[in-house]
Amino acid sequence: MADFFQQAPTLGNQYTQDKLLRSYLRAILPKEIFLEIEPDLKRFGERVITDIATMGEEANLCRPELVSYDPWGNRTDQIRISPSWEKLKAVSAKEGLVSIGYERNYYSYSRLYQFAKLYLFHPSSAVYTCPLAMSDGAARLIEVYGDDRMKARAYAHLISREPSQVWTSGQWMTEKMGGSDLSRTQTIASLDEEGYRLYGHKWFTSATTSEMAMTLARLEDPDGKIQAGSQGLSLFYLELRDCKGDLNNIRIQNLKNKLGTEALPTAELDLVGTKSELVGGAEDGVKKMATLFNITRIYNSICAIGGMRRGIALAQNYATVREAFGHKLKDLPLHIETLTRLQVEFEGCFHLVFHMVELLGKEECQTAKDLEKDLLRLLIPVTKLYTAKQGIRIASEIVESFGGVGYIEETGIPRLLREAQVLSIWEGTTNVLSLDVLRAMGRNDGLKAYSKSVKHRLEYVIDRRLIKDVVKVEKALHEIIRFSQKAVTEDVEFAQAMARGFAFSLARVYIASLLLEYAQMMAKDYADLRPSIVAKRWCQQNLTFLFCPDEKYRNDNLAILRNFEDC
Ligand code: MFK
């Protein structure tokens, strides 16, 4: 029998091969900006499959290690990380992966440029995007709420392009009582003659080798009283080490053994009198921290689509080399159908995420209208929760599309699934964010902005080949509006039970409007009809997932679960 070898998939330049990214940027950016940044994207598209990919692979193989004591019994609390993780830090700084967004050389478009690079970088980076996300969020937080000293010191380090100067930041929110319900935070901030000192335990801290962190704590008043609930939380800035390199009264207790993100150190730690500074005055800590976690949620979404694109690129390449049943996989109708579905889902998510990045850029450069600000507040949780879930689904299909080898660790394919799985957990789970969507609608004009924006986009579409789809999206939008009016008259349990389906409907319908608008633009300006095919395919699927969980329905749920009695 002749020897048989399976051919591994190969990747080409991740920018030049990504026709969607290229045509999207060309269409959306002013011509002079596109021409100026494209050479950098081309160069970077090559790096992410060469030296950066090697750094990522090496970092993944070398897990962080906690050295709690030195040989003489002294407590050291040192986290040893891979040299490649350090290299990724230097590369990120030099490539401007955070700084581009703050240099603002391209005004509000700077964020599009920066996030295009992050999208290319993420799947090769061993999730170095995590410290970048928190650092970017911390930079924005300081820009908005920080004092002059923080701006001159921490902000300058966070946005530095100089590897010896650049800092990363942690975002320490999660405590044992919960990462979702921050109102149960127990860390206390006490004021002494030198300033604030923090006492408490942080249960999940990511990228714990960072130079600084933003965290939440409760202020102790002069009588030693402490305000409960989330209103009583204040925001604090701290540096992990002093000028001698000693930890700032922090005990690192444990490193987490996780399903994925293995190169990333995630620690449990105690704050035992950690010196820190209040950011933006007392209280309203959650609200201030939201400036940071809104940025990290956008990073989460860009990482989701970066991972989808990488998986699909690998699967498509493999389909051109792998034979089965006398054909290449690329010629098998069911395989084509499967990959097409993934590609359409990915393209929808791509448009949603980059649209949000565009809105973020406008908000930061003060060119966003009120409607766009309300829209951004609503779309951040919608986009984060939707793209994370689709990222997992697509990664799972990609693993399967490789058959048995997709399950083999050394192919690198299982990593796609592990790295996707975290995206629906950190930075707010799907259910927590679904409830946040309801809050974003209730507290400002989120739904009004949403509906106006979808309608406005649909009005632009006049190509008669797309009109049937426009009508379908209009109907789905009316369904959403009617449903939301009904939902406010129902009880809280009703609203909570339907929240996930509602958020998914918001995502699907919004994406439909973006795809149709893009299809119209590409047909008109570039005689490119492919986006119309994608938009039509998107609109063929269910756009809404609205159902009525009235009291009977919810009681039936409990009957199905047997009231949790047998568990
Ligand atoms: C690679 C990608 C990224 C990698 C980074 C990962 C590393 C980090 C890992 C983690 O940190 S995981 C921790 C994950 N935990 C969360 O993300 C928290 C999830 N929970 C929520 O988001 C809850 O919705 C929340 C804790 C915010 C609810 O708390 P509350 O106190 O009940 O909030 P409430 O009353 O809704 O909001 C308090 C204030 O904040 C309000 O302002 P006002 O008082 O003026 O009305 C809100 O409007 C405001 N706010 C809340 N969420 C906001 C927001 N403002 C803007 N945007 C938001 N998203």
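None of the values given here were measured: they were computed from a predicted structure. Order of listing sets the numbers, starting from 1, for every ligand and every atom in it.
- Which of Ala207, Ser230, Ser301 comes nearest to atom 31 (O) of ligand 1 through a heavy atom is settled by distance: it is Ser230.
- Residue-level proximity to ligand 1 for Val127 is absent, since no heavy atom of it falls below 4.0 angstrom.
- Side-chain contact check for Glu58 and Ser82: no donor-acceptor pair (N or O, by modelled atom type) lies under 3.5 Å.
- Listed by atom number, the atoms of ligand 1 under 4.0 Å from Thr296 heavy atoms are 3 (C).
- Atoms of ligand 1 lying under 4.0 Å from at least one heavy atom of Asn300, given by number and element, are 2 (C).
- Within ligand 1, counting atoms from 1 as listed, the ones closer than 4.0 Å to a heavy atom of Met173 are 13 (C), 15 (N), 16 (C), 17 (O).
- Ring centroid separation for the pair Tyr113 and Tyr109 does not come in under the 6.0 Å cut-off.
- With respect to Lys373 and Asp370, a salt bridge is recorded, a charged nitrogen being found less than 4.0 Å from a carboxylate O.
- In this structure, His351 has its ring center closer than 6.0 angstrom to the ring center of Tyr24.
- In this structure, Arg297 counts as a contact residue of ligand 1, since one of its heavy atoms falls inside 4.0 Å of the ligand.
- Counting the atoms of ligand 1 from 1 in the order shown, those under 4.0 Å from a heavy atom of Met134 are 7 (C), 8 (C).
- Judged by distance alone, the side chains of Asn248 and Glu239 never bring a donor and an acceptor atom under 3.5 Å apart.
- Checking Ser124 against Arg310 by side-chain atom types alone, a donor-acceptor pair falls below 3.5 Å.
- The nearest protein atom to atom 21 (C) of ligand 1, hydrogens excluded, is given as Val432 CG1, 3.7 Å; this is a heavy-atom distance.
- Listed by number with element, the atoms of ligand 1 under 4.0 angstrom from any heavy atom of Val286 are 27 (C).
- Scanning the protein heavy atoms around atom 47 (C) of ligand 1, the nearest turns out to be Arg443 NH1, 3.1 Å.
- Scanning the protein heavy atoms around atom 10 (C) of ligand 1, the nearest turns out to be Glu427 OE2, 3.7 Å.
- Contact annotation: for Ser180 versus ligand 1, heavy atoms closer than 4.0 Å belong to the backbone alone.
- No side-chain heavy atom of Leu278 sits less than 4.5 Å from a side-chain heavy atom of Leu235.
- With a 4.0 Å heavy-atom cut-off, ligand 1 is reached by the side chain of Phe293 but not by its N, CA, C or O.
- Compare Arg439, Arg377, Lys287 by their heavy atoms: the one nearest to atom 52 (N) of ligand 1 is in Arg377.
- Here the shortest heavy-atom distance to atom 18 (C) of ligand 1, taken over Ala304, Gly428, Gly179, Gly306, belongs to Gly179.
- Distances shorter than 4.0 angstrom do not occur between any heavy atom of Ser183 and any atom of ligand 1.
- The distance criterion of under 3.5 Å between nitrogen or oxygen atoms is met by Asn294 with respect to ligand 1.
- From the protein, the heavy atom lying nearest to atom 54 (C) of ligand 1 is Ala290 CB, 3.6 Å.
- For atom 13 (C) of ligand 1, the nearest protein heavy atom (residue, atom name, distance) is Thr174 OG1, 3.5 Å.
- With no hydrogens or angles considered, no side-chain donor-acceptor pair links Ser160 and Gln165 at under 3.5 Å.
- Electrostatic pairing of Arg418 and Glu262 counts as a salt bridge here, judged by a charged N lying under 4.0 Å from a carboxylate O.
- In this structure, the protein non-hydrogen atom closest to atom 7 (C) of ligand 1 is Ser206 OG, 3.5 Å.
- Checked by atom type and distance alone, the side chain of Asp136 never pairs as donor or acceptor with a backbone atom of Val98 at under 3.5 Å.
- Under a 4.0 Å criterion applied to the non-hydrogen atoms of Gln171, ligand 1 contributes the atoms 8 (C), 11 (O).
- Contacts between His122 and ligand 1 below 4.0 angstrom, taking non-hydrogen atoms only, are absent altogether.
- Within the 4.0 angstrom cut-off, atom 44 (O) of ligand 1 has no protein heavy-atom neighbours.
- Of the possible donor and acceptor atoms, one in the side chain of Glu211 sits under 3.5 Å from a partner among the backbone N and O of Thr168.
- With ring centers used as reference points, Tyr450 lies under 6.0 Å from Tyr510.
- A salt bridge is defined here as a Lys NZ or Arg NE, NH1 or NH2 lying under 4.0 Å from an Asp or Glu carboxylate O, and Lys202 with Glu175 meets this definition.
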